[in-house]
Amino acid sequence: MRTNLSSKIKLDSIPSRYYDPADEIELAALTREEKIDTRIYENSAEGSEGIAEHVVHALQRAEAKRGKFVLALGAGNSLNSVYADLVKLYNAGQVSFKNTIVFNICDYYYDGNVDGLSTIDEINENFLKFIDIDPANVHTFNSKCPRAQVGAMCREYEALIENVGGLDLCLCQVGSQGSLGLNEAGATASSICRLVLLSAEQRQNAVSAYKVDPAPTTALTLGMSDILASRRIIAMAWGENRASVVAKAVEGPVSPNVPASLLQTHSRTTLVLDINAAEQLTRISHPWLVTSCEWNDKLIRRAIVWLCQQTGKPILKLTNQDYNDHGLGELLAIFGSGYNVNIKVFNELQHTITGWPGGKPNADDTYRPERANPYPKRVIIFSPHPDDDVISMGGTFKRLVDQGHDVHVAYETSGNIAVGDEDMMRYIMVNDYIAPIFGFDNENFKQKSREINEFVANKQSGDMDSQDIRTLKTMIRQAEARSACMFIGMKPENVHFLRLPFYETGAIKKGDLTIKDIEIVRELILSVKPHQIFVAGDLADPHGTHRVCTDAVFAVVDEFKDEEWMKDCRIWMYRGAWAEWEIDHIEMAVPISPEELRFKRNSILKHQSQMENAPFLGDDDRLFWQRAEERNRATAQLYSSLGLAEYEAMEAFVQYHPIPDEE
């Protein structure tokens, strides 16, 4: 059974010559906007293998020159695959690490508490314990150091690096905001080894990566001056959630706000990417600016939308001169005129718009994104958390119900960890007040109430909720979800709470997807045998709850993809409140009127525990309904700016096609 199919989705078919050119001349043309030596691989597995080979070559050169190899290592999920490939090379007898000296790039600091999380432990577990390195040659920060002596300890650490001749190679990953090590935005090229305060994002990353709660708040890191002093630097980034910052680091100006951009000042840096992390580089996103293109419908659509944005014109007003002035003359040669291209793209975008997301019965569906028959359709909306359905596709949800389809909604996780204690205690207080009135103020109830009140009163940061509290928080979220479904007009029996086991750890860090999760999803899909499935399409985070939930659905789809009923099922991916599909990928856009948008807002507001007091609103201070409305309005405004009909808002979807079995 394949359980990682979301990672195999390729929305773009990128010609290999864009990232693996045939010769140096083509490479020079493609990379003329890039200020860092950048290597792009088809996927992270190939990229990791390439990095491992580079490390071995660097080791062999350093040993030949100086008899030793001084290596600075980072920790993190991106690096673990590289470490696995280095271990493979070691086991194959292709490399020895006897003469290697390792320095840890960064580690967490607990002011003398050595029992806390340590990155050197992760590096050891994933790499060092499997090779022939001398333990005396492995160096890290002194976690026992009192805070008053941290500065002196950092100077000693830098001196130790200098005493062994400096770093031959620094191997690290690029963080989501362009951090290197734990040098976050604001770190300058002259920054030194030091104690740093961790941002909320870095703390959350620590919780996710190391299965700890609470996260550390401080850390020790080599400074940018230490990293840039290395003779060779290899940095890496995998996944589309790194694409934006990679583009800034590689093609933007050198700025402390993006520490990875400082690598532009280093003459022997290589940045290794998979195709998803590279998707916003010019040669991948706008290849017509640097080379002749292999045009397909999606690339043409992207180019014309880009041209409209550059010129400030709608599609049907673009001229031949606009095409020539912006490097798109190739399309004139292919189609004969800009007008022909304009009509093609305008019609394609027009055909994505539909007010009938389940298909319009008894209508010609030749140019509609959804087929007319069968009608009504059986539909399952899979919602990772108990509010993703209304946040991400509340307008479409309402349309499907109102248009007579048999709609089921499946809430895949309880979402209980996102209920704050304050919201939970409100329900406890209400129960305490009404218990005497309704006659359930028995000793058992009073005991439970006392236990919960005492637990919350004595709760420390990072404490796991008791089972009773987790149950109460689950019930709160289920009640809110049911309220939203009733508001939309759902049949009560079509609301399903799956409570997938991977989520029920009681902590922020969740478990891995297992057969138990998939069996629960399978049972629902087989019982409904839907004609439509809607799933979360947030593919950026390989360890997020949305992606795990989507992988569970795709695993079942993959299992039954050759069955006739599954062949007749269309799967649509939606996105959350933070981002929308790029317009060149959108295959169905459902317009929302002002009244429907207000209705969607009120559906979201049924989830009261997720308003101001929700623990995971993040750094974005907008509430969920505000994020959703602004995203939906932005999609509608984009369509309008291209010369299409003007709507209040739009929800967008991309169709998922089952991935063929591997040969």
Considering all heavy atoms, the nearest [X]-[Y] contact:
X: I284; Y: R302; result: O-NH1, 3.4 Å
X: P361; Y: Y375; result: CB-CG, 3.7 Å
X: F502; Y: D512; result: CB-O, 3.5 Å
X: D517; Y: P501; result: OD1-CD, 2.8 Å
X: I659; Y: K561; result: O-CE, 3.8 Å
X: S81; Y: W238; result: OG-NE1, 4.0 Å

Regarding [X] and [Y], is there a side-chain donor-to-acceptor distance under 3.5 Å anywhere?
X: T635; Y: N632; value: no
X: Y639; Y: T352; value: yes
X: T366; Y: D364; value: yes
X: D389; Y: Y411; value: yes
X: Q610; Y: E480; value: no
X: S44; Y: D274; value: no

Do the side chains of [Y] and [X] get nearer than 4.5 Å, heavy atoms only?
X: V557; Y: L5; answer: no
X: E580; Y: M650; answer: no
X: N347; Y: Y367; answer: no
X: F554; Y: R2; answer: no
X: K344; Y: D297; answer: yes
X: I488; Y: F599; answer: yes
X: Y574; Y: T396; answer: no
X: L498; Y: F382; answer: yes

Just jot down the side chain to side chain contact (heavy atoms under 4.5 Å, CB included) partners of [X], sequence neighbours excluded, or say none.
X: M429; value: Y433
X: E596; value: R399, I592, S593
X: K529; value: R378, W565

Against S414, only a single residue in E504, R477, R499 fulfils side-chain hydrogen bond (donor to acceptor under 3.5 Å, both in side chains); can you say which?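 Of E504, R477, R499, side-chain hydrogen bond (donor to acceptor under 3.5 Å, both in side chains) with S414 is met by E504 alone.
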
Applying side-chain hydrogen bond (donor to acceptor under 3.5 Å, both in side chains) between Q532 and each of K377, R570, E370, report the one that passes.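 Option passing the side-chain hydrogen bond (donor to acceptor under 3.5 Å, both in side chains) with Q532: E370.
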
[X] side, atom [atom1]; [Y] side, atom [atom2] - distance, nearest 0.5 Å:
X: C569; Y: F560; atom1: SG; atom2: CZ; value: 12.5 Å
X: L642; Y: I583; atom1: CG; atom2: CD1; value: 5.0 Å
X: I417; Y: T505; atom1: CD1; atom2: OG1; value: 6.5 Å

Ring centres of F653 and F534 under 6.0 Å apart?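 Yes, the ring of F653 comes within the 6.0 Å limit of the ring of F534, centre to centre.
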
Set out, in order, the CA-CA distance, both residues' side-chain angles and the distance that settles side chain to side chain donor-acceptor pair (under 3.5 Å) for D551 and S6, then state yes or no. CA-CA 6 Å; D551 274 329; S6 64; 2.9 Å; yes

Mark yes or no for whether [X], through its side chain, and [Y], through its backbone, hold a donor-acceptor pair below 3.5 Å.
X: R368; Y: G359; value: no
X: W581; Y: M573; value: yes
X: E412; Y: L500; value: no
X: E587; Y: Q655; value: yes

Ionic contact status for [Y] with [X], cut-off 4.0 Å:
X: E630; Y: R633; answer: no
X: E240; Y: R575; answer: yes
X: K473; Y: D421; answer: yes
X: R601; Y: E629; answer: yes

Name the one of V419, I452, I428 that satisfies side-chain contact (heavy atoms from CB on, under 4.5 Å) with I469?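 Option passing the side-chain contact (heavy atoms from CB on, under 4.5 Å) with I469: I452.
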
